[in-house]
Visitor: 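Submitted below is the structure of interest, expressed as structure tokens.
Below, read A as the first sequence line, B as the second, and so on, with proteins coming before strands; counting in each chain starts at 1.
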Protein chains: 2
Amino acid sequence: MDKGQKEVTIYDIAEKLHISAATVSRGLTNHPRVSKSTRKSILKAAEEMGYRSNSIASNLRSKKSNVIGVIVPRLNSSFMSDLIAGVEKVVNNNNYSLFISQSLETMQKEVTNARAMLNNRVDGLLVSLAYDTTNIEHFEPFLKRNIPVIFVDRVFEHASCPQIFIDNTKAAYEITNHLIAEGCKNIIHLTASLLRNVYADRLSGYKKALEESGLQFRESNVIIGDLSSQAGIDAAAQILKMEKLPDAVFAANDICAVSCMIELQKHGIRIPEDIAFAGFNNDPTACVVQPNLTTVNYKGYEMGEVAAQLLINHLIDKSDLQQTHSLILRSELIIRESSLRSKKS
Amino acid sequence: MDKGQKEVTIYDIAEKLHISAATVSRGLTNHPRVSKSTRKSILKAAEEMGYRSNSIASNLRSKKSNVIGVIVPRLNSSFMSDLIAGVEKVVNNNNYSLFISQSLETMQKEVTNARAMLNNRVDGLLVSLAYDTTNIEHFEPFLKRNIPVIFVDRVFEHASCPQIFIDNTKAAYEITNHLIAEGCKNIIHLTASLLRNVYADRLSGYKKALEESGLQFRESNVIIGDLSSQAGIDAAAQILKMEKLPDAVFAANDICAVSCMIELQKHGIRIPEDIAFAGFNNDPTACVVQPNLTTVNYKGYEMGEVAAQLLINHLIDKSDLQQTHSLILRSELIIRESSLRSKKS
DNA sequence: TACTTTTAGGCAATCGATTACATTTTGAAT
DNA sequence: ATTCAAAATGTAATCGATTGCCTAAAAGTA
């Protein structure tokens, strides 16, 4: 089973027009050193003959692929798919293509994927790290080759890699303060691997808020899981077993917050009267669940756009990436009924 | 700003080991005609020298890229991101890579994206069509070259393109029948472009159920939009203006169903007492919204896995794709409170 | 020992486009 | 008609790996 008839190449066009392949190549790429009339005849012949530029050959020779690589923990999360959609839009509008892979939250796959990206000679890389990634040596080969690597959301400190994220500490600080202002004094925090800035920072914002309000931070109030829907259910079970019920739960994402909340409701807990709730991300479910979930609005789409644009600008005009080391995007606290206790009391 | 120091090639390895590049190439690809000892020394040298296989060069010569292309309407929908996650898993496990682009529901972008995929010489293509795609001439160049094209979910009838989807007619028939069994007689159907099988088939299942129950089908009961969250809100407004309120709404996806339902609730409509609701897809929100939404379970992840596996099997063992023309996956009706009126009456 | 087969490895063309450099053509100015 | 810069095109090397065909060496066989 072969690829059907032979492909039309620039040589075929050259032969037909009795000109050289070099001129054809120039004609097809709008090189200024080819006359208008020749270009026109080249384009016409290309069209007629069903010519399809072979990017692979072009990439090999020109040592650039016009491909951006993306490595994310998972593709099927509301946040990540938004992020990727934003990236795709920008990348596509700039005539680049997108190579995508997911690490499934393991460093091992992240390493494998990075290697595949390198072999495929992507021009740049956008990365959001897996839960258990402990170092980023697997990106060194890119940096050594001056291939830009940009971290998004789940970042890692490295002199030559720009980072794009939000101020997680501040956001968590604000949301915790809000809960405290609503009268909560015993706040559970659901989170995931503290290796990741997003979770470590949210935890520190939470701690800071407690501290400033003179509330004691208790290690046992931090439940570390994978922030999945199941993790929320498990956390609910754990909470129900506590000798003294907490008066608030702040989860590091909405998925987990919502499932935990619903599970607790099934056991007769009233939200927010018995336990106030807050999440993170402003997932679609946040304003569907009853009561609507207080959360941090933090949409991936723009983050994806910004990251992709930064990368592409660099690739196009070679602007110095080091200039922009960290890009901190805006996030906002969205207060909904799940945390509003003061009105009721 | 160049790519740093020169890349290590098989020639460098060959020179160092005083053997030919051909042998190095064979050694690296586990070709049987190279001795164990030479292979070992090649691998060792490659490792030491930091050799990275250049897939581009390899692709050019071997005329195969080990890349699968995917074109979907959007990346940031729960269903599509699940589907892509399934595809990615299978593709990745088989040492292929993934090229992804979104058509944003327009045929124009679909055409452009297809061309980019072709230029990049993908080995195969998975496609889910845009709303307004009227023909699939843009995939002919693939077929002419014997590059397999498989349609997923939003399919198109074509002799050489396998299709993977669910029985939308049957699912819609069942869900409509269920609503009728619950006593509904005036059922609104929210859907999108009838150019797409998924929506046309659901409509015909809806019609068939009405017909068989002796209920009259009314054109004015079908509201065509884009099934977005906003479309649900718009539909709610339209419904509220009707001289006689419907007693059920069956939306062709959950996003739209949920937003429509919530909007109606805001206007004092009780679900399911006043209006029963049903959606399609079993999105995460379906079991978060109150009351939980009756829907069709129809997860994209497995569909993605199946599609990718079919494609890859074909690429690997050249099994005849024509063998499997249509693959109809299982779907199931999930009845939840949003449509349960009989108990209450 | 002589001959055949197997195994390991080398040679060189090839994939298709790009591009530095060389050459020819054009056209304007003298 | 001559000159010369500018414009247009051609030549040929190059990117890095693969592979059909060939040869040499090793192993097996009689």
Side-chain angles (χ1 to χ4, degrees), chain A residues 2-43 45-46 49-67 116 118-121 123 145, chain B residues 2-43 45-46 49-67 116 118-121 123 145:
Chain A
D2 68 347
K3 290 286 174 73
Q5 77 269 42
K6 283 242 186 45
E7 284 291 333
V8 178
T9 70
I10 53 170
Y11 296 101
D12 301 320
I13 298 179
E15 191 171 12
K16 174 163 179 184
L17 299 180
H18 306 294
I19 57 179
S20 79
T23 304
V24 176
S25 172
R26 294 193 184 104
L28 291 168
T29 52
N30 271 341
H31 189 290
R33 280 222 307 244
V34 62
S35 72
K36 273 206 162 50
S37 62
T38 339
R39 183 188 338 283
K40 197 185 283 183
S41 63
I42 290 171
L43 292 177
M49 302 170 74
Y51 170 79
R52 284 298 121 102
S53 156
N54 187 328
S55 310
I56 307 224
S58 167
N59 295 345
L60 176 59
R61 176 60 223 247
S62 60
K63 289 171 172 294
K64 101 183 264 312
S65 61
N66 267 54
V67 171
L118 187 60
N119 288 350
N120 279 289
R121 300 299 193 265
D123 287 342
R145 290 166 173 77
Chain B
D2 67 349
K3 288 286 174 72
Q5 78 269 45
K6 281 243 186 46
E7 285 290 334
V8 178
T9 71
I10 54 170
Y11 295 100
D12 300 320
I13 299 180
E15 191 172 12
K16 175 163 179 183
L17 299 180
H18 306 296
I19 57 181
S20 78
T23 304
V24 176
S25 171
R26 294 194 182 104
L28 290 169
T29 53
N30 271 339
H31 189 288
R33 279 221 308 244
V34 63
S35 72
K36 272 206 163 49
S37 62
T38 341
R39 184 190 335 286
K40 195 184 287 182
S41 62
I42 291 171
L43 292 175
M49 302 169 71
Y51 169 78
R52 282 300 122 102
S53 157
N54 186 328
S55 309
I56 306 224
S58 168
N59 295 344
L60 176 60
R61 175 60 223 243
S62 60
K63 288 172 171 293
K64 102 182 262 312
S65 61
N66 266 55
V67 171
L118 188 61
N119 287 350
N120 279 289
R121 300 300 192 265
D123 287 342
R145 289 165 173 79

Visitor: Ignoring hydrogens and geometry beyond distance, is the side chain of B:Arg26 in donor-acceptor contact with the base of D:dT19 at under 3.5 Å?
Guide: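 No.
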Visitor: Check whether any side-chain heavy atom of A:Leu60 sits under 4.5 Å from a side-chain heavy atom of B:Asn54, and report yes or no.
Guide: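 Yes - at least one pair of side-chain heavy atoms lies under 4.5 Å apart.
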Visitor: Rounded off to whole Å, could you give me the NE2-to-P distance for the A:His31 and D:dA8 pair?
Guide: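 That distance rounds to 11 Å.
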Visitor: Could you state the atom-to-atom distance from CG of B:Leu28 to C1' of D:dA17 in whole Å?
Guide: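 Nearest whole value for this atom pair: 10 Å.
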Visitor: Just to be sure I understand the rule, does B:Ser58 reach a base, reach only the sugar-phosphate, or reach nothing, if contact means heavy atoms closer than 4.0 Å?
Guide: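 Sugar-phosphate only.
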Visitor: Go through it in stages, so that I can follow the logic: the residues are B:Lys63 and B:Arg121, the test is side chain to side chain contact (heavy atoms under 4.5 Å, CB included), and I'd like the CA-CA distance, side-chain angles, deciding distance and then a yes or no.
Guide: CA-CA 8 Å; B:Lys63 288 172 171 293; B:Arg121 300 300 192 265; over 6 Å; no
Visitor: Is there a side-chain contact between A:Thr38 and the phosphate of D:dT9, meaning an N or O under 4.0 Å from OP1 or OP2?
Guide: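 Yes, A:Thr38 has a side-chain N/O under 4.0 Å of OP1/OP2 on D:dT9.
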Visitor: Closest approach of A:Ser25 and A:Ile10, non-hydrogen atoms and distance?
Guide: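 Shortest heavy-atom contact: CB-CD1, 4.3 Å.
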Visitor: Taking all heavy atoms of A:Ala14 and all of A:Ser20, pick out the closest pair and write down the distance.
Guide: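 Closest approach of A:Ala14 to A:Ser20: CB-C, 3.7 Å.
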Visitor: So which atom in B:Val8 and which in B:Asp12 form the shortest heavy-atom distance, rounded to 0.1 Å?
Guide: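 Nearest pair, atom of B:Val8 first, then B:Asp12: CA-OD2, 3.4 Å.
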Visitor: In whole Å, what is the span from the CG atom of B:Asn54 to the C1' atom of D:dT14?
Guide: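 Interatomic distance, CG of B:Asn54 to C1' of D:dT14: 13 Å.
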Visitor: Just how far, in rounded Å, is P of D:dA25 from CZ of B:Arg33?
Guide: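 Rounded to whole Å, this separation is 17 Å.
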Visitor: How far apart are the closest heavy atoms of A:Ser53 and B:Asn119, and which atoms are they?
Guide: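 Scanning both residues, the minimum pair turns out to be O-OD1, 3.3 Å.
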Visitor: Roughly, in whole Å, what's the span from NZ in B:Lys64 to P in D:dA17?
Guide: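 Checked: the NZ to P distance equals 17 Å.
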Visitor: Could you state the interatomic distance from CG (A:Asn59) to OG (B:Ser55), rounded to the nearest 0.5 Å?
Guide: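 One gets 11.0 Å once the value is rounded to the nearest 0.5 Å.
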Visitor: Go through DNA chain C in 5' to 3' direction and return only the first and the last nucleotide with some atom under 4.0 Å of chain B's heavy atoms.
Guide: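 Contacts span C:dA8 to C:dG16, reading 5' to 3'.
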Visitor: Ignoring hydrogens and angles, write down the donor-acceptor pairs under 3.5 Å from the side chains of residues 32-42 of chain B, residues two or more places apart or on other chains.
Guide:
{"residue": "B:Ser35", "atom": "OG", "partner": "B:Ser37", "partner atom": "OG", "Å": "3.3"}
{"residue": "B:Ser35", "atom": "OG", "partner": "B:Thr38", "partner atom": "N", "Å": "3.3"}
{"residue": "B:Ser35", "atom": "OG", "partner": "B:Thr38", "partner atom": "OG1", "Å": "2.3"}
{"residue": "B:Ser41", "atom": "OG", "partner": "B:Thr38", "partner atom": "O", "Å": "2.8"}

Visitor: Near DNA chain D, under 4.0 Å by heavy atom, which residues of residues 11-21 of chain B?
Guide: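 By residue number: B:Tyr11.
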Visitor: Remember a base hit wins even if backbone is also touched, and classify A:Ser25 as base, sugar-phosphate or nothing at under 4.0 Å, heavy atoms.
Guide: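 Base contact.
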Visitor: Tell me what A:Ser55 touches on the nucleic acid: a base, only sugar-phosphate, or nothing, going by heavy atoms under 4.0 Å.
Guide: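 No contact at all - A:Ser55 keeps every heavy atom at 4.0 Å or more from the nucleic acid.
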Visitor: Between A:Leu28 and A:Ala46, which heavy-atom pair has the shortest distance, and what is it?
Guide: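 That would be CD2-CB, 4.2 Å.
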